[in-house]
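Have a look at the structure below, then the notes.
Numbered from 1 within each chain, the chains take letters A, B, ... in sequence-line order.
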Amino acid sequence: MQMNEPDALFGATRRIGPVILDLQHISLSFGGVKALTDISFDVRQHEIRAIIGPNGAGKSSMLNVINGVYRPQQGDIIYRGEHRKNMDCYAAAKSGIARTFQNIALFKGMTVLDNIMTGRNLKMKSNFLLQAIYWGPARREEIEHRKKAEEIIDFLEIQAIRKTPVGRLPYGLQKRVELGRALAAEPEILLLDEPMAGMNVEEKQDMCRFILDVNDQFGTTIVLIEHDMGVVMDISDRVVVLDYGKKIGDGTPDEVRGNQDVINAYLGTSH
Amino acid sequence: MNISFFFEVLIGGLLSGVMYALVAIGFVLIYKASGVFNFAQGAMVFFAALTCVGIMDKFGLPLWLAIPATVAAMIVLGLAIERVVLRPLVNQPEITLFMATIGLAFFIEGLAQLVWGAQVHRLELPIEDVPLQYLADNFNIIVSQFDVMAAGVCGVMVLLLSLIFSKTKVGRALRAVADDHQAALAVGIPLQRIWAVLWAVAGIVALVAGLLWGARNGVQFALTFIALKALPVLILGGFTSVPGAIVGGLIIGASEKLAEVYIGPMVGGGIEGWFPYVLALLFLLVRPEGLFGEKIIRRI
Amino acid sequence: MNTATATTAAPPPYLSVNNIEVIYDHVILVLKGVSLQVPQGKIVALLGANGAGKSTTLKTISTLLRGERGDVTKGEVQFKGERVDQLTPNELVKRGLSQVMEGRHCFGHLTIEENLLTGAYTRSLSRAQLKESLDKVYHYFPRLKTRRTSQAGYTSGGEQQMCAIGRALMAKPSMILLDEPSMGIAPQIVEEIFGIVKDLNSKENVSFLLAEQNTMVALRYADFGYILENGRVVMEGAASDLASNEDVKEFYLGMSGAGRKSFRDMKFYRRRKRWLA
Amino acid sequence: QAEQFVALPSYRVGPYASGGSGFYGGMIDYFNLVNANGGINGVKIQWEECETEYNPSRGIECYERMKTKNGGASLVEPLSTGIAYGILDRVAQDKVPMTTLGYGRSDAANGKVFPYVFPLITSYWNQAAAMIKYLGDKNGGMDKLKGKKIVHLYHDSAFGKEPLPVLEALSKQYGFELIKIAVAPPGSEQQSQWLQIRQAKPDHVILWGWGVMNSVAIKTAQRNGFPREKMLGVWWAGSEEDTIAAGDAAKGYTSMTFNTPGNYPVIDELRKKVYAGGKGNLSEQTRIGSVYHMRGLTAGILWTEAIRTAQEKFGKGKVMTGEQVRWGLENMNIDEARQKALGAFGMFPPVKTSCDDHEGSGAVKVQQWDGKKWNAITPNWVVGDKALTRKLVEESSAKYAAEKNITAACAK
Amino acid sequence: MFYRETGQFKTSYEADGQILPIRQDRVALLATLAVALLALPLLASPYMLSAIFIPFLIFALAALGLNILTGYAGQLSLGTAAFMAVGAFASYNFVLRIPGIPLLLAFVLGGLCAAMVGIAFGLPSLRIRGFYLAASTLATQFFVVWCLTKIGWLTNYSSSGVITAQKMEILGYAFDTPARKYVLVLVVVALMALLAKNLVRSNVGRSWMAVRDMDVAAEVIGFRLMRTKLLAFAVSSFYCGVAGALYAYAYLGTVEPEAYNLDLSFRILFMIIIGGVGSILGAFLGSAFIVLLPVFLNILAHGLALPTSVASNLELMVFGALIIFFLIVEPHGLARLWQIGKEKLRLWPFPH
Ligand SMILES: Nc1ncnc2c1ncn2[C@@H]1O[C@H](COP(=O)(O)OP(=O)(O)OP(=O)(O)O)[C@@H](O)[C@H]1O
Ligand SMILES: Nc1ncnc2c1ncn2[C@@H]1O[C@H](COP(=O)(O)OP(=O)(O)OP(=O)(O)O)[C@@H](O)[C@H]1O
Ligand SMILES: [Mg+2]
Ligand SMILES: [Mg+2]
């Protein structure tokens, strides 16, 4: 991986593919609270799809539905042509959906490296007895995955904190490590929940670059929740807007920017 | 099946359950206030009871004077625990605090026997532990009047504490503390003072439990073991609920007695040691936070 | 800004942090002598990259550091002319200094309203006064009102952030330490939050020390700013001066000579230029 | 001058501290008395205590630490079944004789298999047999036991189950119904057990309890209106600690004992020579002559007598090795005349040991609590069916020998 | 200045993944092992071997087991002694009933039995968390001991429910002296510690820690909660089971079920908390602390010539106070103190 080389990036071409994930008429409520009401939208291969909306609109809940943390009461999820009523976490992970969380959900007691290695767990095959003996295949496997993890560490420029327990890291770095953990799974779809919260502009720029590179380089499809409109408008291909659990807009950044409902509900007049 | 015998077992169980609840309440208080599972509660019960009879024996004071003296001792103990043990451990993981209370238990046990000696004492409360004549004569059901009184005391305590927790801002503050020490400090809840008060109150509750249990079993080291009887009550009722302690106590008491009498003989008896735990465990499978406990929030 | 008292002579610092040094876990040196002042009735912004030590500075001031195994090994903190680094957080809140912690820290099992009510713990208020304070917070954050009976643990990230800010306001402090208030908040609410800050500042003369990543907004509202890097203050000055400083523009505002650049057009990772280290 | 070193892995904290302090207090008091009187033919006794907390692991450490000290320990008494088990093999290897007064393995009475273990005076099996004998006598003859109901209320552990073979065999033999009711340790709650007992309406309740279980049993019996006179406890349920804790409820309660309560010249001497000089081991003088204290005194007497016996064979005024003391323990004969000389006539049954019989007696008494103190209610020592228990001893020790590959033989 | 890793660069991930990446540490560990295995059996007194080192190692093994469950997988358990009991009584029965079975195989089988019991009692952990689970694990403790006293077959119908561990013989070689027993225990414990270290630094270990730190996130990443938790219960119980068997065979000899009581469970728990939750080294340090401290205090109290009842109670109080003291100084246990000490040494003589 040589993403640090700008030339490599100029050459890459982004090709938006067919719909890979289609959400149809999703409704989700908790007791009396309606978090999502009849929401449908789709995600195409290779695209960067943003979800925006005011606080409590149901954005995070949407991601939770996509990867099976929440089970919607209604609706259909079609992922790679397969219909399902809902996902379950394990199946989602297995089929290539990885994510980051709004309230950082790193494993606090583990080092950065270990956290990133956990992202590769689904790719590890040797059983626990072999691992206990740590000989032969288990050892080779561990080293091979360690290499991948190190590539990600290099990519995210967090070499220096490799062996630091994540609990000690400042907020912004934790966000980056979490991205690393998701990337380690080499996902097909990457769900990012406010990856740039708590970062300054410079760090956001870096993060954007990471996201764009992942998208370019691996063709990873990205679903992104972000409150920084600058970021959303600059890097996403299409944007869904939610408000009070309802979809109020969907389209290219420019379309959304012009949508009066969206302006009223979310963007305000200053944008 | 003999119906009156069944009722006798049931009532006996319910009343024992009240006695368990008495100890469980002490746990609840501490858990509510700090999210700490206070392993030293049993030791505190022992310490309180022993101090009370110790004062009576050594200084020849009557019971009604020994009790306030012991209350004072328990308050001092509560303050000391806060200052020396809890304050430096603010915001530490629960397991660390739990462990500290184990150290505390050793300390208190050693202290109690160091000060008051190792021998067993008797403790006579003004109310005798004999069957209520009326019930025995008319229904052939034996219910000890002592137990009835204990139930009354327990009821009053539950009522009082529930009121404090539900009607005052301290109650709310306690729940806040149990959720997040740091944030509680940040909003200005005087954690230290609250803890000190709560431990002192838990000490007084321990004294009540110690007096009742001590009158029943003798004041001896084994009083520390009754904590083991209170645990299933606690998990069944929920760690954070005072009414839960009493409801849990009744359920555990009744079912353990019924099980020992009706199932015990089939398997060789002595099942009271584990039966309440297994029962509570099965119950938790349905409600992982106990009957009235706060639901554990697992969300990302 | 409080124009009535504004004179040319610098007002005595309301809060002053003198040369503090902080070590975590006995070995990790995080602050290497940080000094800063907040004059009464001013808004001071604390800027810096991830890990610069902003949160640590705020926690040192509010003495919440102890709970995280951090030690202040040098320096002192003064609030209203009194040394406060040995006080408990409770005493500080009573003296009028409140902190909104980074990462929300709501009481998950309490409802939103109960969360807000705990905020008023240090004040003994009548029912009516309490209601009034609550209404004020609900007025600032209407979203909270609709969720007032939900357990905070089940509300959305932004709602929790609002709850945390609202909770601090309930104590009616005269000085607020705000740690990343805009994090996870929708843009127009961010504006509103800063509006509230300005409002409290000018109407009730509340002073603010805010650690903020959204430099653009922060400098717009602040009077004064400090830039922290690797546990040291590397630059300080009036907000307007900082905003026009070329380096600050480049690193913190994302603007180069030609104005704002699109995020998509960033083709290079930043080779961080630093004042120090 | 050389001293005879003995090891006391004692416990003075924790749940059993009251018993431990009384028992070891008695032993130490007696050693002090012996030393004050010039020792055993001039050889003073030297002892060391080590806190075990009644915990096997710590007990073993104590034993290992003390066994080589001061030229080697020549006797040990852990007063804890768990610790006794833990050092059972070790004492044989190290040649340190261990006494287990009234507890531990009953089959250790067979000295051919357990050369270094001495369950002196009486074992659980003989006690159980004696209990039935007593109950038979009380009912007017063993044949009167037919059709009677006896409840065995026991501590649900190895300890409580130990007498079952004896009781079961006797129940078959004499035709009484044996109802076994277990109490889950520690036994601080027994309502259900006593309701069951009330339901069964037994003629007697044998209380095979330990620690808090005893006082709770007595109390709960009272709560359920069961007469205490019909309760017969083991000797671990027959001390002041058990009855005082139960308060008035204990009045009339009976238990077994192998010490006759009362005052003895040796105790008077103790007060004069030891306590008057401030060297008494008990912190409360009221406990002098209490059950545990007297049991400790008895142990002290047996130990000194064993050493004395050994000296007679191996040289008076010399320090005996563990092996030599073992011989002494195996060849003791404390008859009534000797007891008189010791000022302890009747305090414990006469003891005569041999290689076949490490127990040396098997006789016990029954005592009753009158609300203030214990009184013996059997004038003579009660002995049960020793043929039966002997058979069990043989069988069980043979099994142990087989498992351990030991060839049974008397040590020289 | 003498504890520096300067100049030691890792050229491969393999080298970096070593158990002890710093050369000094490796040398020190090997030296310790060599001394423990070669010198100690010859030099140490039988007392040290049989009353200190053997229980120290056995408890360390049990603590290791508990640490896997509690420290790594985050499931607080108060039933450790029960698993030890299962291991001991099962091994006893294997040796008794299968003539000629190799002793070590019997230990392993005993451990496997414990693992199965562990899995059974681990099932509730899928729903129950925290102290609720901890209190529930007491069910294991009481139930297992109850079974052992009730089911005569398990104790070969010995009248009192006591078992006598058979002679330890491997390939005709009898392990009957303290030194021999010690060597056997040491080898078993060292091997199992190595395996445990391997486990916790590979994917299984990470899955445990992930579940411990945040189980919802672990699930999202693709760890299966049920499998992970049950595996932790199984492995942990296996370790405890083997430790229990060693406790019976190499230490106690004759054992009643009561020897595996709640008290023992708590002692093991102290060990991991004092030593360091989630650290292999911590299990050893904790075990040393809990085994040695009472002995040390006891000897100290003797030296002061206090009346024994005072001394004993003071001992207990000091023990309790020291636990609290250590927790305040370092909540993460001795292992962390050790680490901090090393970090300080690395910086020495410059303060920072
Ligand atoms: N509890 C802790 N233990 C050890 N180190 C810590 C701890 N908390 C913070 N640190 C370290 O202190 C440094 C400063 O952290 P701090 O949280 O103050 O940064 P910050 O400026 O607030 O960053 P951010 O913008 O990401 O919130 C970081 O390098 C971090 O690794
Ligand atoms: N597990 C839950 N139980 C109850 N209510 C929930 C739960 N999860 C989400 N909600 C509610 O559903 C609504 C949508 O929440 P969600 O977290 O999806 O918002 P969001 O769009 O991500 O907002 P933010 O930008 O503030 O993060 C909120 O009102 C929240 O309180
Ligand atoms: Mg969200
Ligand atoms: Mg910060």
Side-chain angles (χ1 to χ4, degrees), chain B residues 2 5 8-9 11-13 15-16 19-20 57 106 109-110 113-114 117-124 128-131 136 142-147 213-226 228-229 253 256-262 264-265 268-275, chain D residues 11-22 153-157 160 179-196 198-199 211-216 218-220 222-225 239-250 282-284 286-287 290 292:
Chain B
N2 180 341
F5 179 60
E8 205 167 78
V9 175
I11 293 173
L15 290 172
S16 308
M19 294 291 283
Y20 302 159
D57 281 3
F106 287 147
E109 287 165 9
Q113 292 200 337
L114 182 73
Q119 78 272 39
V120 172
H121 298 262
R122 71 188 284 184
L123 171 66
E124 296 289 330
E128 250 195 291
D129 201 357
V130 290
I142 291 209
V143 175
S144 162
Q145 59 180 35
F146 181 89
D147 283 356
W213 274 96
R216 208 167 159 184
N217 293 5
V219 176
Q220 52 182 315
F221 193 91
L223 283 181
T224 57
F225 298 152
I226 56 172
L228 291 179
K229 287 259 137 194
E256 96 173 5
K257 300 293 180 243
L258 289 172
E260 180 73 60
V261 169
Y262 291 108
I271 62 176
E272 267 173 302
W274 54 265
F275 183 81
Chain D
Y11 43 93
R12 290 168 184 271
V13 292
Y16 311 118
S18 51
S21 58
L153 181 70
Y154 66 101
H155 193 260
D156 197 9
S157 66
I179 304 171
K180 292 171 279 186
I181 300 182
V183 176
S188 36
E189 242 295 316
Q190 294 171 30
Q191 185 63 17
S192 49
Q193 284 80 5
W194 283 93
L195 287 173
Q196 277 171 284
R198 215 168 71 88
Q199 188 76 350
V212 69
M213 172 181 161
N214 301 328
S215 54
V216 173
I218 298 170
K219 272 271 191 181
T220 318
Q222 180 198 33
R223 290 152 52 80
N224 290 282
S239 66
E240 287 80 0
E241 279 72 19
D242 305 305
T243 47
I244 286 180
D248 291 337
L282 292 178
S283 45
E284 306 86 9
T286 46
R287 293 178 74 200
S290 66
Y292 271 107

### Task
Verify, without hydrogens or angle tests, whether B:Asn217 (side chain) and D:Val216 (backbone) share a donor-acceptor contact under 3.5 angstrom.
no

Answer with side chain, backbone, both or neither: which region of [X] has an atom nearer than 4.5 Å to a non-hydrogen atom of chain D?
X        : result
B:Trp274 : neither
B:Glu272 : both
B:Gln113 : side chain
B:Glu260 : both
B:Ala215 : backbone

Which bit of [X] comes within less than 4.5 Å of chain B, counting heavy atoms only: side chain, backbone, both or neither?
X        : answer
D:Leu195 : both
D:Pro15  : both
D:Glu240 : neither
D:Asp248 : both
D:Arg287 : side chain
D:Ser283 : neither
D:Tyr292 : neither

Kindly give the heavy-atom pair with the smallest separation between [X] and [Y], and that separation in Å.
X        : Y        : value
B:Gly273 : D:Ala184 : N-CB, 3.4 Å
B:Trp213 : D:Ser188 : CZ3-O, 3.5 Å
D:Asp156 : B:Gly270 : OD2-CA, 3.6 Å

Flag the one option from [options] with the top tally of heavy-atom pairs under 4.5 Å to chain B.
options                      : result
D:Gln199, D:Lys180, D:Lys219 : D:Gln199
D:Gln193, D:His155, D:Arg12  : D:Gln193
D:Gln191, D:Arg198, D:Met213 : D:Arg198
D:Ile244, D:Asn224, D:Asn214 : D:Ile244

### Message
Side chains of B:Gln220 and D:Ser215 only: does a donor on one sit below 3.5 Å from an acceptor on the other?
### Response
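B:Gln220 vs D:Ser215: donor-acceptor pair found between side chains.
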
### Message
With a 4.5 Å cut-off on side-chain heavy atoms, are B:Asp147 and D:Arg223 touching?
### Response
yes

### Task
Kindly indicate, with the supporting measurements, whether the criterion side-chain hydrogen bond (donor to acceptor under 3.5 Å, both in side chains) is fulfilled by B:Gln119 and D:Glu241.
CA-CA 7 Å; B:Gln119 78 272 39; D:Glu241 279 72 19; over 6 Å; no

### Task
Determine, for B:Arg216 against D:Glu189, whether the closest basic-nitrogen to carboxylate-oxygen distance falls under 4.0 angstrom.
yes

### Top of B:Glu109, B:Glu8, B:Gln145, B:His121 for chain D proximity - count of heavy-atom pairs under 4.5 angstrom
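Heavy-atom pair counts peak at B:Glu8.
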
## Note on the structure
Residue from B:Gly269, B:Gly218, B:Ala118 scoring the most non-hydrogen pairs under 4.5 Å with chain D is B:Ala118

